[in-house]
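Right, one structure below, let's go through it.
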2 protein chains.
Amino acid sequence: MPDLKVKKTADPNTEAKIKTAARTIFHTKGFAAARTRDIAEEAQINLALLNYYFGSKEKLFQLIMFETLSEFFKNMGAVFNDETTTLENKIQLIAEKYIDMLIAEPEIPFFIMGEIRSHGPELVEKLPSANAILQSVFFKQYKEAINKRKITELNPLHFLMNIMGLVVFPFVNSTMLKKVGKLKDKQFNMLMEERKKLIPIWMNAMLYAK
Amino acid sequence: MPDLKVKKTADPNTEAKIKTAARTIFHTKGFAAARTRDIAEEAQINLALLNYYFGSKEKLFQLIMFETLSEFFKNMGAVFNDETTTLENKIQLIAEKYIDMLIAEPEIPFFIMGEIRSHGPELVEKLPSANAILQSVFFKQYKEAINKRKITELNPLHFLMNIMGLVVFPFVNSTMLKKVGKLKDKQFNMLMEERKKLIPIWMNAMLYAK
DNA sequence: GTCTATATACGGATAGAC
DNA sequence: GTCTATCCGTATATAGAC
């Protein structure tokens, strides 16, 4: 008689399902507002399995946070330190890659910033890439461009704030922007696509302004 | 025999103290992570008094949220709709006023965006000013400037995203920026002061770029 | 109005059957 | 591995003394 699988056989995907669900819930609600029950429901598994596989809400969160951060910074390190591309190339690549990523997962920057605020700056310590940003090839090239054109030298952080502000901020504040502009998600994303081309132009204009 | 006030006379400031404390706690932690005990401690009052005066955590939150939003948008409405100032004037005023406000209360934009995300867009409905932004004098002047100079017309939302990104984003992401730039609060605020002058220059350059 | 003590609800976690 | 039932800490809220 064949095994009809009438009863609970192990689901090989349970662990993965929980992780995917946890990612979604944590990203959208943040650690404090996320409930393990939300995650269990999203994953369509029993609540007890969350603890069985991951020990605790806290441990599961640490895992998701670690993966999210690695993912968020890994692609960027390569662009920032590529010796073969120009400053202008890099600006364009950063705009394109970040915007693509943010269209795919728009909740990530808010999630990261929120958890950095609440869990304190210890979290930032764990970002190897973060500390080295100002020493990257990207910023060396920025300084060269400034010197060459004999422009008043500003703290390079302004440059960093500007490109991040232009790229990331619309996603962080998307709810309000959609409301103000009466935009559907699709239209909003179209605007973001436009910005891939516009931001390099704007950044260039800012660089040599006045 | 004089009244030595040995015992509990009514403190006329209790209500105000709770509100001030609630503001601080809600702004820094958000609704979900804020505990009524945190607020009571911050205000140095008995926990029960919070409910005595404000009914519930939820009601107290609604009050703080309403006041925060009104305050955040009221000054801006005046600037946006002033017929007597030019576009350039307004950009400068917005940068100055917003940055002053954000140096004084840096947690506000993150707080507002976070609660809009979690409490859903109903909250945005309650912003009378928000819906009218694109009809303001500020944006009329923006469109005139574009037409006059025969520049490719973009969705005005780009203009809004840009100025907000440049002004607000550094405050939203301040923890990471301080870390990356190894800045004390004081140094960070100095950079923000610099931006009051820089943002108008940059916005102008962006406006007529390419 | 202010306090202490307590009720009530909720969320994270585990025991133990299957 | 998966489920049900339950425990326990914590957080909001209230009852009632002063």
Side-chain angles (χ1 to χ4, degrees), chain A residues 1 3-66 111 114-115 118-119, chain B residues 1 3-66 111 114-115 118-119:
Chain A
M1 194 213 277
D3 180 1
L4 290 173
K5 282 196 177 173
V6 174
K7 270 237 159 192
K8 6 195 145 168
T9 20
D11 183 340
N13 293 322
T14 300
E15 192 170 354
K17 269 162 40 179
I18 296 173
K19 244 173 75 174
T20 306
R23 215 184 137 84
T24 306
I25 300 294
F26 281 136
H27 282 183
T28 50
K29 301 201 179 194
F31 179 78
R35 298 177 312 150
T36 52
R37 285 167 164 82
D38 297 330
I39 297 172
E41 191 186 3
E42 173 82 16
Q44 294 185 300
I45 52 96
N46 187 284
L47 177 55
L49 292 175
L50 190 151
N51 293 296
Y52 175 78
Y53 280 105
F54 296 97
S56 72
K57 177 188 177 185
E58 179 68 33
K59 288 206 186 99
L60 177 54
F61 175 76
Q62 298 294 351
L63 179 66
I64 299 295
M65 178 52 102
F66 177 77
F111 167 73
E115 299 305 327
S118 54
H119 285 63
Chain B
M1 196 211 276
D3 180 3
L4 290 174
K5 282 195 177 174
V6 174
K7 270 237 159 192
K8 4 192 145 166
T9 22
D11 183 341
N13 294 321
T14 300
E15 192 170 352
K17 271 164 37 181
I18 295 173
K19 244 174 74 174
T20 307
R23 216 185 135 83
T24 307
I25 300 295
F26 281 137
H27 282 182
T28 51
K29 302 200 179 193
F31 178 79
R35 299 175 312 149
T36 52
R37 286 167 162 82
D38 298 332
I39 297 172
E41 192 185 4
E42 173 83 14
Q44 294 186 303
I45 53 98
N46 187 283
L47 177 55
L49 292 175
L50 190 151
N51 292 296
Y52 175 76
Y53 280 104
F54 297 96
S56 72
K57 177 189 177 185
E58 180 67 32
K59 287 205 187 101
L60 178 53
F61 175 77
Q62 298 293 351
L63 179 66
I64 298 296
M65 177 52 99
F66 177 77
F111 168 72
E115 300 304 327
S118 55
H119 284 62

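Values below: every heavy atom of this structure, side chains too, minus hydrogens, waters and symmetry copies. All chains are named by letter (A, B, ...) in the order of the sequence lines, taking the proteins before the strands, and each is independently numbered beginning at 1.
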(request) Please name the pair of heavy atoms, one in A:A21 and one in A:I39, separated by the smallest distance, quoted to 0.1 Å. (result) CB-O, 3.6 Å
(request) List the atom of B:K19, the atom of B:I64, and the distance in Å for their closest heavy-atom pair. (result) O-CD1, 3.6 Å
(message) When you measure from the side-chain N and O atoms of B:Y52 to the phosphate of D:dT14, is any distance below 4.0 Å, counting only OP1 and OP2?
(response) no
(request) Compute both the distance and the angle, then confirm whether B:K17 meets the cation-pi test with B:Y53: under 6.0 Å from the six-membered ring centre, within 45 degrees of the axis. (result) no
(message) Rounding to an integer number of Å, can you tell me how far A:L60 CG sits from C:dG11 P?
(response) 17 Å
(message) Under the criterion side chain to side chain contact (heavy atoms under 4.5 Å, CB included), I'd like the reasoning laid out for B:N51 against B:T36: C-alpha separation, chi angles, the key distance, then a yes or no.
(response) CA-CA 9 Å; B:N51 292 296; B:T36 52; 5.9 Å; no
(message) At less than 4.0 Å, is any side-chain N or O atom of A:T14 found next to OP1 or OP2 of D:dT2? Yes or no.
(response) yes
(message) By nearest atom, which of the nucleotides D:dA13, C:dG12, C:dA13 is closest to the A:S56 side chain?
(response) C:dA13
(request) Look at the rings of A:H119 and A:F31 and say which category their plane angle falls in: under 30° parallel, 30 to 60° tilted, over 60° perpendicular. (result) perpendicular
(request) Within residues 28-35 of chain B, find the residues that approach DNA chain D with a heavy atom at under 4.0 Å, and present them sorted by residue number. (result) B:A34, B:R35
(message) Does atom CD (B:E41) have a neighbourhood of more than 12 heavy atoms from anything else shown, all under 6.0 Å?
(response) no
(request) Residues of residues 39-50 of chain A with any non-hydrogen atom less than 4.0 angstrom from an atom of DNA chain D: list those, numerically ordered, please. (result) A:N46, A:A48, A:L49
(request) Please report, rounded to the nearest Å, how far the C1' atom of D:dT2 is from the OH atom of A:Y53. (result) 8 Å
(message) Just checking A:E58: does its CD atom have more than 12 heavy atoms from other residues, nucleotides or ligands closer to it than 6.0 angstrom?
(response) yes
(message) Side chain of A:T36 only, heavy atoms from C-beta on: which candidate in C:dT2, C:dG12, C:dA13 is closest?
(response) C:dG12
(message) Could you tell me how far apart A:R37 (CZ) and C:dG12 (C1') are, to the nearest whole angstrom?
(response) 7 Å
(request) To the nearest Å, give me how far apart CD1 (B:I18) and C1' (D:dA13) are. (result) 14 Å
(request) Can you tell me the distance, in whole Å, between the CZ atom of A:F54 and the P atom of C:dA13? (result) 13 Å
(request) With A:K57 as the cation and A:F26 as the aromatic partner, state whether NZ or CZ is under 6.0 Å from the six-membered ring centre and within 45° of the axis. (result) no
(request) Starting from P on C:dG12, measure out to NZ on A:K57 and report it in whole angstrom. (result) 5 Å
(request) With the side chain of B:N51 defined as its heavy atoms from C-beta on, choose the nearest nucleotide among C:dG1, D:dT14, D:dG1. (result) D:dT14
(request) Quick one: closest heavy-atom pair of B:D38 and B:A33, and the distance? (result) OD2-O, 4.2 Å
